[in-house]
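Here the structure comes first, spelled out in structure tokens, and everything after it is commentary.
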Amino acid sequence: MHNVLDKFVNGEGIHTNALYAFNNMLEIILKDEQPTHALVAFDAGKTTFRTEMFREYKGTRAKTPPELMEQLPLIQDMLNYRGIKTYELPNYEADDIIGTMSHKAEADGMDVTIITGDRDLTQLTTDKVTVKVNVKGVTETESYTPEHVKEKLGITPNQIIDMKGLMGDTSDHYPGVEKVGEKTAIKLINEYGSMEDIYDHVDEMKKSKLKEHLIADKDQAYLSKKLATINLDAPVTLNLGELEYRGDNQEELMQFYQKMNFNSFLDKMDVPHASTAEELAEIKVEELDNTAVEKIVNSTKVHTLVVEGFGDNYHTAPIVGILISDGDQYFGTTDFSILENTDLKNWLADKTKEKYLFDNKRTIALLHRYGCEIAGISFDMLLVSYLLDTNDNKQDIGLVAKNYNINLPSEEEFYGKGVKKAVPEDETMLLKYLAQQAQVIDLLKDKMMTELKDNDQDSLYDEIELPLSIVLAEMEIKGITVEVSKLKEMENTFATRLAEIEKKIYQEAGKEFNINSPKQLGVILFEDLKLPVIKKTKTGYSTSVDVLEKLQDKSPVVKMVLEYRQISKIQSTYVVGLQKFVQPDNKIHTIYLQTLTQTGRLSSIEPNLQNIPIRIDEGKQIRKAFVPQHDDWEIFSADYSQVELRVLAHISGDEHMQEAFKENYDIHAHTAMRIFGLDSTDEVTPNMRRQAKATNFGIVYGISDYGLSQNIGITRKQAAAFIESYFEQYPGVKQYMDDIVKYARENGYVETIMHRRRYLPDIHASNFNVRNFAQRTAMNTPIQGSAADIIKVAMINMQKMLKKENLQANLLLQVHDEMIFEAPKSEIETLEKLVPSVMDSAVKLDVPLKVETAHGKTWYEAK
DNA sequence: ATGTTCACG
DNA sequence: ACGTACGTGAACATT
């Protein structure tokens, strides 16, 4: 299901890129316009009444490429399934059909919007007819109303044909009057009116070259005007009623999308149609009581387990139901006293009793709160669906099921949303839903596991993600201790400081306003104080740091605002924000999202413990509130030094970069030496090193000269020179960048060292920006993703090692390239050796991995 | 609900 | 010529 989208060739080898792009555009149009009637007109062929009039008409047009030709009938089919009328008329162009029908519609009192890539159609603009011309991409259009035409050209829409007649058209290949272009044509029209008016008065003009050309080319001009004129009365046999738009023909459209492998469009379709989506068989749910437990624990069959929590944070949310199925029978209950049954407890914790489920980590955490452990999980449908396609990162079994064309309600569909969200009163309804979940897990297990194997991702799943889900559950459950009193103390200090700055800002600005509102701040800075506008956002002036930093010498307010912003961020997000998450056990239990990021990294929510301040000291103080759970313990942290560059050195095979790491050089100084053409790192100045470091980062992100220039404040030319020099010095890196983009184009995805996959359909986009973005992603994802693979392996090995060595130390946090532990002081010495050895042996690369450690009484001191 | 800003790797 | 760094989450203002 996931493996064909790659090349924009469907299973039968038909190109589908134009079809895909067309449908994308159509989606946007339908959404924006909400039409009651719709029509898409096509050219019928090359010969029309215009070619009869003028043989050369459109004579120089390049031939339509064959891939596009083969897609035209598909586009017509698709439009048909989407409930949109298509039409072509021999001897006429699509323009004439559009003109004729829009004329008819207008006469009928309708408002008409014409969407086209061709500016010629703007002549059709009237008070009721708007012509939208695509300017770039698919989303941006220029809307032509009579006012806009006037503003842009200085003439009325129906004078456009006079203009075109006079100036001719090079792309349609018809001549006008010699030496007359847009400017002259408009001037003449404004002076005389129509072409006929011009020629009525041509004799009165004073002698000039222009007059001579007008007279000489009169016939041509009239012919060109005729060619340019869109026929409003073509023999179109359509009536308006036939154009009525009633929406998609769901069933046919779905089959069509399936045939074309348009999975993303399939995903977007409302609800799979009943007759094509697989309906789940009716299930009888029996009570999960002691008798049922006896049956389960004595069975040798694999069981599917559904433990349903209600609410998004499973560390606090209540369990609402439990269901266990062997595929034939479904046992469910909402009475949790069953979890006190020792046989059930033992069975759950027995790793020899194989189980399937959806979301292992959540299940472990939920059951933990009821004193149960679980083991023996072989299939976690959530993890597998994410590995198969990182875009399927919905944490919801109903949504995953829909990808596989199974009609299982999503959480939102079942429980409702917003204020209406509630557990159904009817217990059997709930249990039936849980049984359906079990059924779906059972139904899809083989299929999904086969896909995983086909993608060569089985060991990524068996050896990394599945064991990691257990490690993460343990980390979340353990939680990190926070001294709320410390946060309270900071809260007071910062509050005073904020009040002071606030007062000073109001004084300086001469009035009170909300400093946190970019809108109000913009007015103060750029209107009241008249500071120069450096950057604009969609909604107004940008007031972001880089803008304010450029303005800070111009007014004392700017500096104060910068300070205010910094402190208020720390105050609201961290000092105040974190306190809300401290549980009665004095700990914060974050939730790691294991199936969200496109690269394979983790993310952390409620709260996010992966972005606790460190770069500026006021913020870094927050870390003083993070402490070990016991007095004579310490926080111990270990981080990989430059993993991403080491990964790049490994996957690119670049000799110079590999050498730098093998010899344990200062990599940024080494890069500086190379790109600045120095003989030794001794000649590298701190500024050179800084620039080289930024260049190294840029390389990892999929470099662009502009991005680099912005980052280190140099010109784009200089940045381009850096990059060129970089690629000369590290040719292997250059080769990797070229190869990986090519790989993405050919396969539709890129991979990490452990075969984690990211699909990049945009690599084929016609839009420059979209395509470039996909290319940078292709370069970055294997690097960032492989680094994520590595630390995941290290975490699993680390947890094993702690148990094996009988250490009390706990792994608490992961922040992308570092692990944070708490441990008795007595174990620190052991950890200083053990942790780096486990981390640097997590995978074998062509370059060594380097690990740095630190420890102290708080997280602040462990750095 | 969306946009802006800013915290981290 | 195009208009940019890669990956996240949360607070706040505004719609």
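All values below were derived from every heavy atom in this structure, side-chain atoms included, with hydrogens, water molecules and symmetry-related copies excluded. To find a chain, count down the sequence lines: A is the first, B the second, and so on, and within it residues start at 1.
- Applying the ring-ring contact (aromatic ring centres under 6.0 Å, His included) test to A/Tyr415 and every residue at least two apart in sequence or in another chain returns A/Phe310.
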message: Counting Watson-Crick and G-U wobble pairs with both distances under 3.5 Å, what is the dot-bracket string for DNA chain C, 5' to 3', using [ ] for crossing pairs and | for pairs to another strand?
response: .....|||||||||.

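- Residues satisfying the side-chain hydrogen bond (donor to acceptor under 3.5 Å, both in side chains) test with A/His650, not counting sequence neighbours, are none.
- Contact check, A/Thr599 against C/dC6: no side-chain N or O comes under 4.0 Å of OP1 or OP2.
- Take A/Phe581 and apply the ring-ring contact (aromatic ring centres under 6.0 Å, His included) test, not counting sequence neighbours, and it matches no residue.
- In this structure, A/Asn313 places its CG atom 15 Å from C1' of C/dG9, rounding to the nearest Å.
- For A/Thr496, the side-chain hydrogen bond (donor to acceptor under 3.5 Å, both in side chains) criterion is met by no residue, not counting sequence neighbours.
- With sequence neighbours excluded, no residue satisfies ring-ring contact (aromatic ring centres under 6.0 Å, His included) with A/Phe768.
- A salt bridge links A/Arg756 to A/Asp789: one of the charged nitrogens lies within less than 4.0 Å of a carboxylate oxygen.
- A close approach under 4.0 Å does occur between a side-chain nitrogen or oxygen of A/Asn514 and OP1 or OP2 of C/dA13.
- In this structure a side-chain-to-backbone donor-acceptor pair under 3.5 Å is present from A/Lys361 to A/Tyr592.
- A distance of about 28 Å separates the P atoms of C/dC2 and B/dC6, rounded to the whole Å.
- Taking atom CG of A/Leu813 as the reference point, atom C1' of C/dG9 lies 15 Å away to the nearest angstrom.
- Note on A/Ser604: only backbone sugar-phosphate atoms sit closer than 4.0 angstrom, heavy atoms only; bases stay farther off.
- For the pair A/Gln814 CD and C/dT8 C1', the interatomic distance rounds to 12 Å; values are reported in whole Å.
- Nucleotides C/dG3 and B/dA7 have their P atoms positioned 29 Å apart, rounded to a whole Å.
- Remark: A/Asp666 pairs with A/Arg689 by the salt bridge (charged side-chain N to carboxylate O under 4.0 Å, His left out) rule, at least two apart or across chains.
- Following rounding to the nearest Å, A/Leu596 (CG) and C/dA10 (P) show an atom-to-atom distance of 11 Å.
- The CZ atom of A/Arg716 sits 14 Å away from the P atom of C/dA5 (whole-angstrom rounding).
- Checking the phosphate oxygens (OP1, OP2) of C/dG9, a side-chain nitrogen or oxygen of A/Ser603 falls inside 4.0 Å.
- The side chain of A/Arg758 contributes an N or O atom lying less than 4.0 Å from OP1 or OP2 of C/dG7.
- The side-chain hydrogen bond (donor to acceptor under 3.5 Å, both in side chains) check on A/Lys394 picks up nothing, with sequence neighbours excluded.
- A/Leu593 comes within 4.0 angstrom of the backbone, heavy atoms only, and of no base.
- Listed by chain and residue number, A/Tyr706 satisfy the side chain to side chain contact (heavy atoms under 4.5 Å, CB included) test with A/Gln710 (two or more places apart in sequence, or in another chain).
- Counting non-hydrogen atoms under 4.0 angstrom, A/Ala694 reaches a base of the nucleic acid.
- Among the atoms of the strands shown, only primed sugar atoms or phosphate atoms (P, OP1, OP2) are found under 4.0 Å from some heavy atom of A/Glu606.
- Across all strands, A/Ser568 comes closer than 4.0 Å to no nucleic acid atom at all (heavy-atom distances).
- The P atoms of B/dG3 and C/dT4 are separated by 15 Å, rounded to the nearest whole Å.
- With rounding to whole Å, A/Tyr564 atom OH is found 11 Å from C/dC12 atom C1'.
- Residue-level contact check: A/Gly702 touches neither bases nor backbone, having no heavy atom under 4.0 Å from any strand.
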query: Reading nucleotides 4-9 of chain B 5' to 3', which nucleotides get B (base under 4.0 Å from a protein heavy atom), which S (sugar-phosphate only), which -?
result: SSBBBB

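- Between the side chains of A/Asp546 and A/Ser544, a donor-acceptor pair is found at a separation under 3.5 Å.
- Protein atom CD of A/Glu412 is 13 Å distant from nucleotide atom C1' of B/dA1, rounded to whole Å.
- Going from atom CZ of A/Phe513 over to atom P of C/dC12 covers 17 Å, rounded to whole Å.
- Using a 4.0 Å cut-off between charged nitrogen and carboxylate oxygen, A/Glu644 and A/Arg601 count as a salt-bridge pair.
- With sequence neighbours left out, A/Tyr314 forms a ring-ring contact (aromatic ring centres under 6.0 Å, His included) with no residue at all.
- Residues from residues 490-504 of chain A with heavy atoms under 4.0 angstrom of DNA chain C: there are none.
- The phosphate of C/dA11 (OP1 or OP2) has no side-chain N or O of A/Gln571 nearer than 4.0 angstrom.
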